[in-house]
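This report concerns only the one structure given below.
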There are 2 protein chains.
Amino acid sequence: MKLYSEHTKHLVAVDCIIFGYDILEKEIKLLLIKRDFEPAKGKWSLAGGFVRKDESLDDAANRILFSLTGLSDLYLEQSYTYGRIDRDPGARVISTSYSALIKIKDLDRELKELHGAHWQSLSRLPHLIFDHQEMVKKALGDLQMTIKVKPVGFALLPEKFTLVQLQDLYEAIYQRKIDKRNFRKKILSMNILEKLDEKEKETSKKGAWYYRFNRESYELHRKQGFYFNLDVN
Amino acid sequence: MKLYSEHTKHLVAVDCIIFGYDILEKEIKLLLIKRDFEPAKGKWSLAGGFVRKDESLDDAANRILFSLTGLSDLYLEQSYTYGRIDRDPGARVISTSYSALIKIKDLDRELKELHGAHWQSLSRLPHLIFDHQEMVKKALGDLQMTIKVKPVGFALLPEKFTLVQLQDLYEAIYQRKIDKRNFRKKILSMNILEKLDEKEKETSKKGAWYYRFNRESYELHRKQGFYFNLDVN
DNA sequence: TTAATTAAATGTATGATTTACACTTAAAAT
DNA sequence: ATTTTAAGTGTAAATCATACATTTAATTAA
C-alpha cells in the first residue's frame, strides 16, 4: 500500500566531488570522468548517476563512485542538492552532491583504465558540464571552512608525514603561504600529533621527523575546539 | 525529447524548519503543523510537501511554506537531503530540508487560523513524525555554527532593538549566559550597529538605547570576518 | 678530512585580543 | 527627597597571534 500516488516523481541523481591531494606536486586535484552517455557524452564531468528504487542516497553515492572509478570505502559526505528545473538539458533531474578527500597515488593506475577518470589540478580545470562547476566551487568553499574547525586534512596525507608535508597541504588548501615557525607552534600546541622515532630522508640530507595524527588525543582535547586559521589576509 | 527514461523516478519532498525567536519569552521556538494527510494525519510535523514537475526545489520550499502557514518572503536556506529508503512509511520519499529564522509575533494571529500551525519551544518539543526530529537537530547545530561566523541573528529581532535584547537572543541560541560588558565591547567593536536617538522604555525606568543593524558597514568590514564566540569554556 | 650545500628546526619580543570582575547612572515611583 | 530598577561602563592580567633570522644535521664534493 503506497500513498502519495497523485504526486509527480522525479529523476534523482548524485554527483561525487572527489578532492585528491598530490603530496609530490603539493596540489589539490579533482577527480573527473569522461561522461559515457548522452547528453554531453564524452565531456568532462563529476562521477554521477541515478539513484535507484532500492537504495538510499548515501548508498547510491558509494555505488556510483565505485562503478565509475573503482574507489570504495571513502568517507563521502553530502554537500548540497541542486534542484533547478533546467539544470540538466536531458531532463528534469534533481542532483545531490557528495564530496570526499583522498590521497592521490593510492589508486592512480586502476583509475586510468576505467572510464577515462583523471585527476585535474583545481587551478586549471577544464569546462565541466551542467552546474558541476558550481558544485565544485561550493564544495571547495565548504572544505576551506571545515578545515579550520576540524582536522580533516589528515585524510589527505599518508599515515606518517612530516611537518613540512602537513604545512604544504594547508598551503594547498588555503592557497597561500604560512609562516613555518607559527605553523609548527600552533599545530604542535594542539597535542594531536605524535612524533615518531623515524625520519623522512628523501627530500633532505638532514631528514625530517615523521609524525602521526593521534585520533585519541584529538577526541580528548576536542572540547577545546580546533580553530586553525593562520596568517589570515 | 527527454532522456534517461530507463531510470527510476522518486517522490521528492521538502520540509521547512522555521526557527522563531520570541523576544518576550527570550526563547527559540519551532514552527510545527498538524499534518493533514495520511500517513500520520493529525500528528505534529514540519511544514512539508511534494516538489512539483514545474518548480525548482527552492520554489517548492517557498510555495509549501506559504500554503501551510501563510509565511512568505523568508530567507529559506537549504539544509540537508534525507534519503533513507524507509524514512517515510507512506512511500519512498527523498526529502530536502530548508530552514529559516524569523521573529515571532509577526504573523502569530494568522498562523493560528491556518492548519493548526503552532510555535513550540525548542526545549520541550512534542514527538515529531518520521525523521523530523533529526532534521531539527541538524539544523539547530548548523545555526549555532553559522551565528558565530555570520550576523544572522538580526533577522530574529525587530528593526530597532536594544543591546540587552540582542544579548538575550545570543544567550537563547548559545544556551548560556554571556558577560554583559564583554558582549557589548565585542559587538560594538565590530562597527555593524548604529545607535539610534531613541530609547526603549517598556522594561526599565532608565530606558535602553535602541540600535539598528547596519548592513552596509557589515558588508564593508566583512573581510575582517565575523567571529563571534564569547565565553567559550 | 674539511668545506660547502641543503633543507629542517628553533625562539623571542610586540601587539592584539580575551577574560574576569563590580560600581555608577538615569529615570520613575513612592 | 528617597528608593527602586535595569542600563551602562573600565581596567588589569592573561592569553594568543604575529613578525622575523639563525642554527643544526647530514650528505656531497673538493
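A, B, ... follow the sequence lines: proteins, then strands. Residue 1 opens every chain.
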From [atom1] of [X] over to [atom2] of [N], roughly how many Å is that when rounded to an integer?
X	N	atom1	atom2	answer
B:Lys199	D:dT5	NZ	P	18 Å
B:Asp179	C:dA22	CG	C1'	11 Å
B:Gln165	D:dG8	CD	C1'	15 Å
B:Arg181	D:dA6	CZ	C1'	15 Å
A:Leu188	C:dG11	CG	P	12 Å
B:Trp209	C:dT25	CH2	P	17 Å
B:Asn182	D:dA14	CG	C1'	13 Å
A:Glu200	D:dA26	CD	P	14 Å

5'-most contact on DNA chain D: A:Gly207 or A:Lys185, nearest heavy atom basis?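 The residue closer to the strand's 5' end, by nearest nucleotide, is A:Lys185.
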
With nearest nucleotide decided by heavy atoms, which residue, A:Ala208 or B:Ser204, maps closer to the 5′ end of DNA chain C?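 Looking at the nearest nucleotide for each, A:Ala208 comes out on the 5' side.
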
I want to check one thing: is the phosphate of [N], taken as OP1 and OP2, less than 4.0 Å away from some side-chain N or O of [X]?
X	N	result
B:Lys201	C:dA28	yes
A:Lys206	C:dA9	no
A:Lys186	D:dA17	yes
B:Arg184	D:dG8	yes

What does A:Thr162 touch in the nucleic acid at a heavy-atom separation under 4.0 angstrom: a base, only the sugar-phosphate, or nothing?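 No contact at all - A:Thr162 keeps every heavy atom at 4.0 Å or more from the nucleic acid.
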
Check step by step if salt bridge (Lys or Arg N to Asp or Glu O under 4.0 Å) holds for B:Glu134 and B:Lys138. CA-CA 6 Å; B:Glu134 184 188 349; B:Lys138 176 159 174 62; over 6 Å; no

Taking the six-membered ring for Trp, are the ring centroids of B:His132 and B:Trp44 within less than 6.0 Å of each other?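 Judged by ring-centre distance (under 6.0 Å), B:His132 and B:Trp44 do not meet the cut-off.
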
For the aromatic rings, using the six-membered ring if either is Trp, is the centroid distance between B:Tyr82 and B:Tyr80 under 6.0 Å?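 They qualify: ring centres under 6.0 Å apart.
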
Donor-acceptor pair under 3.5 Å: do we get one between B:Lys205's side chain and the base of D:dA7?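 Answer no: no donor N or O sits under 3.5 Å from an acceptor.
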
Considering only distance and modelled atom types, tabulate donor-acceptor pairs under 3.5 Å from the side chains of residues 150-163 of chain A, sequence neighbours left out.
| unit_1 | atom_1 | unit_2 | atom_2 | d |
| --- | --- | --- | --- | --- |
| A:Lys160 | NZ | A:Glu198 | OE1 | 3.1 |
| A:Lys160 | NZ | A:Glu198 | OE2 | 2.9 |
| A:Thr162 | OG1 | A:Val164 | N | 3.4 |
| A:Thr162 | OG1 | A:Gln165 | N | 3.0 |

Would you say the side chain of B:Asp15 lies within less than 4.5 Å of the side chain of B:Tyr98, judging by non-hydrogen atoms?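 Side-chain contact under 4.5 Å: no.
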
